[in-house]
Amino acid sequence: MSNVLVTGGCGFIGSNFIRSWLKSYPKDKIINLDKLTYAGHISSLRDVEKDKNYKFVKGDICDSKLVAKVVNEVETVVHFAAESHVDRSVVGPAVFVKTNVLGTQVLLDAAVKYKVKHFHHISTDEVFGALPLSSGEKFRENTNYDPRSPYSASKAASDHLVRAYFHTFNLPTTITNCANNYGPYHDPEKLFPRMITDLIDGSPVKIYGDGKYVRDWLHVEDHIRAIDLVIKKGKIGETYLVGSTIKEINNLAVARKLIKLFGKSEKEYIKFVKDRPGHDRRYAIDWSKLARLGWKPKYDLDTGLNETVEWYRQNEWWWRLLKARAEKLYEKTGQK
Ligand code: NAD
Ligand code: DAU
């Protein structure tokens with residue numbers, strides 16, 4: 001039995017992780033520390049909020065007093081909390097540095113002070129920068145860091161801090177750097193849920209620039225199985241990359257798949273909008289190190305997309321208000 005602190009558990013991946021962990025480890029207790037920013041939704045954990053093994057604490061990872069109190073109660077920290085939306089980091093970088101860099105350092109200090117047994121840090125493939133189209137190149141654990149957005153720069157800094165605390169203070173850490181996730185409880189500001197909810201509403205999907213941007217899409221459940229495995233079996237001090245088995249696919253091709261799934265016509269349902277500044281062309285991941293630990297993705301893209309579309313059809317209660325807010329943001333950025 002273990003007490004686990006999850007930071008950012010009301011976000012997309014954190015909420016899926018908590019639901020899954022409570023099911024897999026019914027003797028463990030989870031504390032979820034979340035500030036409930038625009039990206040944190042208490043509704044994403046409505047089905048587990050009465051679970052006796054689950055406790056929600058509203059608060060900021062930058063608040064060292066509060067962090068000390070919750071870290072003192074646990075053996076394991078799983079750190080998801082972050083400002084995570086690249087487009088928002090273009091509009092206002094300051095909060096990305098505050099939460100992603102300072103917040104991580106505050107957590108690490110508390111983890112050292114209270115001698116936590118394991119600190120697992122959730123990070124992103126975006127720290128490695130961008131790969132050229134059709135180069136066949138992939139990111140690996142030893143690829144040089146080359147972040148190109150305020151978001152990825154702040155996540156890169158947080159990764160460096162985690163590694164530094166392992167070397168300097170012997171904090172037992174592990175890191176996973178994952179590709180783009182999709183699945184249930186994904187905020188409609190992000191590509192997949194934005195396209196799906198647009199199509200449900202009978203609106204065209206919005207494609208940035210020429211749409212020839214490649215992401216390594218992974219179902220959130222596969223990501224969670226990877227985190228679980230690294231927490232249980234990963235080597236302390238190590239980093240593991242997490243990616244998919246899908247054949248390379250660009251945003252335009254994903255949009256076409258979805259439009260077809262909705263039985264609509266491509267001509268009417270694709271709208272090209274202003275590109276993201278500094279838009280990374282391509283991400284691709286070599287996850288053979290994690291495969292050697294015994295992991296591989298279960299979902300193929302078609303199954304994952306079908307299930308995700310069905311989830312959004314069935315759960316309008318969850319996304320309807322978020323959709324309105326997301327589209328207001330895109331009105332401001334000129335990407336509507
Ligand atoms: P999200 O934006 O959906 O959720 C972030 C959560 O953190 C929210 O609940 C928010 O309220 C909370 N939070 C933000 N600032 C906080 C603060 N100062 N104190 C406490 N809580 C705070 O993010 P996500 O998509 O679930 O991503 C989770 C983690 O995984 C992030 O670290 C992200 O960098 C990483 N990641 C995401 C993806 C992806 O595709 N979404 C891929 C790889 C890695
Ligand atoms: O690679 C992992 C990263 O994936 C995570 O670290 C980030 O937290 C997560 O937000 C995600 O970042 P992206 O910028 O890749 O995701 P996003 O959903 O914002 O965009 C995916 C791609 O789709 C990207 O090429 C931009 C494009 N896009 C996005 C939106 C919202 C569009 O073409 N149209 C859109 O409406």
Side-chain angles (χ1 to χ4, degrees), residues 6-17 32-42 44-45 57-63 66-67 78-90 95-96 98-100 102-104 106-107 121-128 130 139 147 149 151-152 154-155 158-159 176-183 185-195 198 205-218 220 223 227 241-243 250-252 254-255 270-276 279-283 285 326-327 329-330 333 335-336:
V6 175
T7 68
C10 293
F12 165 44
I13 307 173
S15 60
N16 280 288
F17 174 83
N32 171 15
L33 174 64
D34 196 298
K35 190 179 173 185
L36 294 182
T37 67
Y38 75 93
H41 314 304
I42 203 93
S44 301
L45 286 167
V57 177
K58 181 170 189 284
D60 192 330
I61 55 165
C62 300
D63 176 348
L66 176 63
V67 165
V78 191
H79 177 33
F80 292 90
E83 287 290 336
S84 79
H85 192 177
V86 180
D87 288 329
R88 284 191 183 243
S89 84
V90 177
V95 69
F96 283 70
K98 187 160 182 265
T99 290
N100 300 358
L102 284 177
T104 301
V106 167
L107 274 169
H121 177 58
I122 315 294
S123 194
T124 169
D125 58 352
E126 300 199 12
V127 297
F128 302 114
F139 298 136
S149 73
Y151 163 66
S152 51
S154 66
K155 289 297 291 188
S158 70
D159 292 11
T176 40
N177 292 80
C178 188
N180 283 66
N181 286 208
Y182 68 94
Y185 300 102
H186 200 187
D187 194 297
E189 276 188 17
K190 307 276 178 97
L191 179 66
F192 273 33
R194 188 179 186 206
M195 292 196 292
D198 269 342
V205 304
K206 318 303 182 298
I207 295 293
Y208 293 179
D210 60 10
K212 293 178 187 159
Y213 293 93
V214 174
R215 299 291 183 265
D216 196 350
W217 294 103
L218 183 75
V220 66
H223 185 191
I227 297 168
L241 265 50
V242 192
N250 65 32
N251 296 342
L252 203 50
V254 178
I270 292 184
K271 181 177 173 188
F272 289 94
V273 297
K274 197 176 85 181
D275 209 348
R276 170 185 286 172
H279 200 166
D280 289 342
R281 247 320 154 189
R282 172 176 169 263
Y283 305 142
I285 303 223
E327 294 310 319
L329 171 78
Y330 288 119
T333 63
Q335 286 159 314
K336 191 163 156 57

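When reading the values below, keep in mind they use all heavy atoms of this one structure, side chains included, and skip hydrogens, waters and symmetry mates. Counting convention: from 1, in listed order, for ligands and their atoms alike.
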Checking a contact table here: which protein heavy atom is nearest atom 38 (C) of ligand 1, and how many Å away?
Ile13 CD1, 3.6 Å
Do any N or O atoms from the side chain of Asp275 and from the backbone of Val273 form a donor-acceptor pair under 3.5 angstrom?
no
Ligand 2 atoms nearer than 4.0 angstrom to some heavy atom of Tyr151 are 5 (C), 6 (O), 7 (C), 8 (O)
Which bit of Glu126 gets closer than 4.0 Å to ligand 2, counting heavy atoms only: side chain, backbone, both or neither?
side chain
Can you list the ligand 2 atoms lying under 4.0 Å from a non-hydrogen atom of Glu189?
31 (C)
How does His85 reach ligand 1, by side chain, by backbone, by both or by neither, if only non-hydrogen atoms under 4.0 Å count?
neither
Nearest option to atom 16 (O) of ligand 2, as decided by whichever heavy atom of Val205, Thr333, Asn180, Leu191 sits closest:
Asn180
Heavy atoms of Gly40 and Asp34 approach each other most closely as CA-OD1, 4.3 Å
What residue and heavy atom of the protein are closest to atom 10 (C) of ligand 1, and at what distance?
Thr37 OG1, 3.3 Å
Could you see which bit of Asn251 sits under 4.0 Å from ligand 2, with heavy atoms only: side chain, backbone, both or neither?
side chain
Contact region, Gln335 to ligand 2, non-hydrogen atoms below 4.0 Å, reads neither
Tell me, please: is Ala179 in heavy-atom contact with ligand 1, that is, under 4.0 Å?
yes
I'd like to know whether ligand 1 has Asn180 as a neighbour, heavy-atom separation below 4.0 Å.
yes
In the protein, which heavy atom is nearest to atom 8 (O) of ligand 2, and how far is it?
Ser84 O, 2.8 Å
For this output row, return yes or no: ring centroids of Phe80 and Phe17 closer than 6.0 angstrom.
yes
Non-hydrogen atoms of Thr7 versus ligand 1: any pair closer than 4.0 Å?
no
Once you restrict to heavy atoms under 4.0 Å, what part of Tyr151 touches ligand 1? Side chain, backbone, both or neither.
side chain
So is His79 polar-close to ligand 1, meaning N/O to N/O under 3.5 Å?
no
For ligand 2, which atoms have a heavy atom of Tyr213 less than 4.0 angstrom away?
25 (O)
Top protein contact for atom 19 (O) of ligand 2, by heavy-atom distance:
Arg276 NH2, 2.9 Å
Electrostatic pair Asp210:Arg281 at N-O distance under 4.0 angstrom:
yes
If you scan protein heavy atoms around atom 34 (N) of ligand 2, the nearest is Lys206 O, 2.8 Å
Here the atoms of ligand 2 under 4.0 Å from any heavy atom belonging to Ile207 are 33 (O)
Report the nearest protein non-hydrogen atom to atom 44 (C) of ligand 1: residue, atom name, distance rounded to 0.1 Å.
Ser123 O, 3.1 Å
Heavy-atom pairs closer than 4.0 Å: do any link ligand 1 to the side chain of Thr99, the backbone, both, or neither?
side chain
Just to confirm my output: which protein heavy-atom neighbour is closest to atom 40 (O) of ligand 1, and how far is it?
Asn181 N, 2.9 Å
Between Tyr208, Phe272, Tyr330, Phe192, which one has a non-hydrogen atom sitting closest to atom 32 (C) of ligand 2?
Tyr208
Between Asp187 and ligand 1, which part of the residue brings a heavy atom under 4.0 Å of the ligand: side chain, backbone, both or neither?
neither
Set of residues satisfying side-chain hydrogen bond (donor to acceptor under 3.5 Å, both in side chains) with respect to Glu126, sequence neighbours excluded
Tyr283
Distance to 0.1 Å, residue and atom name: give those for the protein heavy atom nearest to atom 19 (N) of ligand 1.
Ile61 N, 3.0 Å
Hey, is ligand 2 close enough to Tyr283 that some N/O pair sits below 3.5 Å?
no
Nearest heavy-atom approach of Asp216 to Ile285 is OD2-N, 3.1 Å
Hey, which of Val127, Asp125, Asn177 is the one that makes side chain to side chain contact (heavy atoms under 4.5 Å, CB included) with Phe139?
Asp125
Please report which non-hydrogen protein atom sits nearest to atom 32 (O) of ligand 1, along with the residue it belongs to and the distance in Å to one decimal place.
Lys155 NZ, 2.6 Å
Just need the protein heavy atom nearest to atom 3 (O) of ligand 1, so name the residue and atom and give the distance.
Phe12 N, 3.0 Å
Among non-hydrogen protein atoms, atom 23 (O) of ligand 1 lies closest to Ser84 OG, 3.2 Å
Students should be able to answer this: which protein heavy-atom is nearest to atom 24 (C) of ligand 2, and at what distance?
His279 NE2, 3.4 Å
Specify the protein heavy atom at minimum distance from atom 10 (O) of ligand 2: its residue, its atom name, and the distance to 0.1 Å.
Lys190 NZ, 2.9 Å
Report, in ascending order of atom number, the atoms of ligand 2 lying under 4.0 Å from any heavy atom of Asp125.
1 (O), 2 (C)
